[in-house]
2 protein chains.
Amino acid sequence: MQNRIQELRKSHKMTQAELADVLEVTRQTIISLEKGKYNASLFLAHDIAEFFGLSIEEVFIFEGGHINVEETIRETKARHE
Amino acid sequence: MQNRIQELRKSHKMTQAELADVLEVTRQTIISLEKGKYNASLFLAHDIAEFFGLSIEEVFIFEGGHINVEETIRETKARHE
DNA sequence: ATTAAAAGTAAAGTTTACTATACTTTTTTG
DNA sequence: CAAAAAAGTATAGTAAACTTTACTTTTAAT
């Protein structure tokens with residue numbers, strides 16, 4: 001999963017330490033998120049998006065995996081019969 | 001944090017086992033999320049929202065904590081000078 | 001009323017987000 | 001260029017999301 005944290009942080013002219021401080025996480029967390037070492041929790045994702053005035057989906061890019069809902073439901077239901 | 005998983009699952013006439021199967025998690029996970037025992041990861045939150053054709057923010061209700069962005073930036077920057 | 005299906009509980013184990021600390025490298029600025 | 005600020009690396013530890021298994025309670029169907 002990709003994210004626009006670094007880009008958004010820079011456009012707000014903030015350092016990693018400042019962003020970490022605002023979000024009440026450590027600088028390590030910001031570095032790791034920007035570097036893609038791991039993914040934010042739902043809470044932190046929400047706080048980041050809210051801080052930048054965006055939706056979670058606008059900050060975090062979830063690639064692939066577009067499910068055909070109707071088909072998936074049919075298949076899954078069949079599997080459970 | 002609240003979520004609308006149970007409501008959405010029922011409106012799709014699915015059991016917990018079926019939803020778990022579709023989302024490729026265990027039934028325990030669905031039960032625990034519906035019961036509010038813990039929060040979904042960002043990944044799972046995305047998969048759930050996508051499955052129901054909604055945004056993460058439409059499925060998960062993040063209460064409180066509305067930050068005044070400009071003020072927070074000013075304060076935080078001051079703290080870092 | 002029985003039975004079966006669905007929902008729920010409990011607890012131990014794994015994985016991963018996040019912290020804390022300490023040190024190194026890169027970038028910025030005077 | 002030199003100093004300071006910012007960014008990055010590494011690693012051990014904690015917390016919480018998620019799994020696995022096994023058993024109990026509630027709801028639905030006949």
Side-chain angles (χ1 to χ4, degrees), chain A residues 1-52 56-57 59-63 65 67 73-81, chain B residues 1-52 56-57 59-63 65 67 73-81:
Chain A
M1 194 206 316
Q2 304 205 134
N3 69 69
R4 295 173 50 208
I5 298 174
Q6 188 168 55
E7 169 201 343
L8 291 163
R9 173 176 63 79
K10 286 185 175 168
S11 74
H12 279 71
K13 300 227 192 304
M14 296 179 78
T15 66
Q16 293 176 331
E18 287 167 347
L19 182 58
D21 199 19
V22 166
L23 298 169
E24 294 179 318
V25 293
T26 61
R27 194 169 60 90
Q28 270 317 306
T29 298
I30 301 300
I31 291 171
S32 300
L33 291 179
E34 288 190 358
K35 288 268 149 185
K37 289 205 182 165
Y38 51 68
N39 303 293
S41 68
L42 184 50
F43 263 127
L44 183 50
H46 169 258
D47 286 351
I48 292 170
E50 184 182 56
F51 178 72
F52 289 122
I56 291 175
E57 286 88 346
V59 178
F60 297 87
I61 296 117
F62 306 89
E63 59 257 357
I67 303 167
I73 291 179
R74 242 181 293 115
E75 286 171 3
T76 306
K77 278 191 153 319
R79 212 175 304 133
H80 281 263
E81 265 157 23
Chain B
M1 193 206 317
Q2 303 206 131
N3 70 68
R4 294 173 52 208
I5 298 174
Q6 187 168 55
E7 169 201 343
L8 291 163
R9 173 177 64 80
K10 285 185 174 170
S11 74
H12 282 253
K13 300 226 192 307
M14 297 178 77
T15 66
Q16 294 176 330
E18 287 167 346
L19 182 58
D21 199 19
V22 167
L23 297 169
E24 294 178 318
V25 292
T26 61
R27 193 169 60 89
Q28 269 318 305
T29 298
I30 301 300
I31 290 171
S32 300
L33 291 179
E34 288 190 357
K35 286 269 149 185
K37 289 206 182 163
Y38 50 69
N39 303 293
S41 68
L42 184 50
F43 262 127
L44 183 50
H46 170 258
D47 286 351
I48 291 169
E50 184 181 56
F51 179 72
F52 289 123
I56 291 175
E57 287 87 347
V59 178
F60 298 86
I61 296 117
F62 306 89
E63 59 255 357
I67 304 169
I73 290 180
R74 242 181 294 115
E75 285 171 3
T76 307
K77 279 189 150 323
R79 213 175 303 133
H80 281 264
E81 267 156 23

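Quick note on labels: first sequence line is chain A, next is B, and so on, each numbered from 1.
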Would you say B:S32's side chain and B:Q28's backbone share a donor-acceptor pair under 3.5 angstrom?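 A pair under 3.5 Å: yes.
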Round to the nearest Å and state the distance from [X] atom [atom1] to [N] atom [atom2].
X: A:K37; N: D:dA7; atom1: NZ; atom2: C1'; answer: 12 Å
X: B:I31; N: D:dT25; atom1: CD1; atom2: C1'; answer: 12 Å
X: A:L23; N: C:dC18; atom1: CG; atom2: P; answer: 11 Å

Shortest side-chain distance from [X], nucleotide among [options]:
X: A:K35; options: D:dG8, D:dA7, C:dT19; result: D:dG8
X: A:Q6; options: C:dG8, D:dG8, D:dC18; result: D:dG8
X: B:L33; options: C:dA20, D:dC18, D:dA7; result: D:dC18
X: B:Q28; options: D:dG8, D:dT21, D:dC18; result: D:dT21
X: A:T29; options: D:dT20, D:dA7, C:dT19; result: C:dT19

Check every strand shown and say whether B:S41 touches a base, only sugar-phosphate, or nothing at a heavy-atom separation below 4.0 Å.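 Touches sugar-phosphate only.
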Specify whether B:H12 and B:F51 have parallel, tilted or perpendicular ring planes, treating 30° as the upper limit for parallel and 60° as the lower limit for perpendicular.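 Tilted: the ring planes of B:H12 and B:F51 meet at 30° to 60°.
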Kindly compute the distance separating CD (B:Q6) from OG (B:S11), expressed to the nearest 0.5 Å.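 Those atoms lie 11.0 Å apart.
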Nearest heavy atom decides the nucleotide; on that basis, is A:L44 or B:K10 closer to the 5' end of DNA chain C?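 The residue whose closest nucleotide sits nearer the 5' end is B:K10.
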Quick test of your reading of the model: are A:E18 and A:R9 salt-bridged, counting only N-O distances below 4.0 Å?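 The answer is no: the pair does not qualify as a salt bridge.
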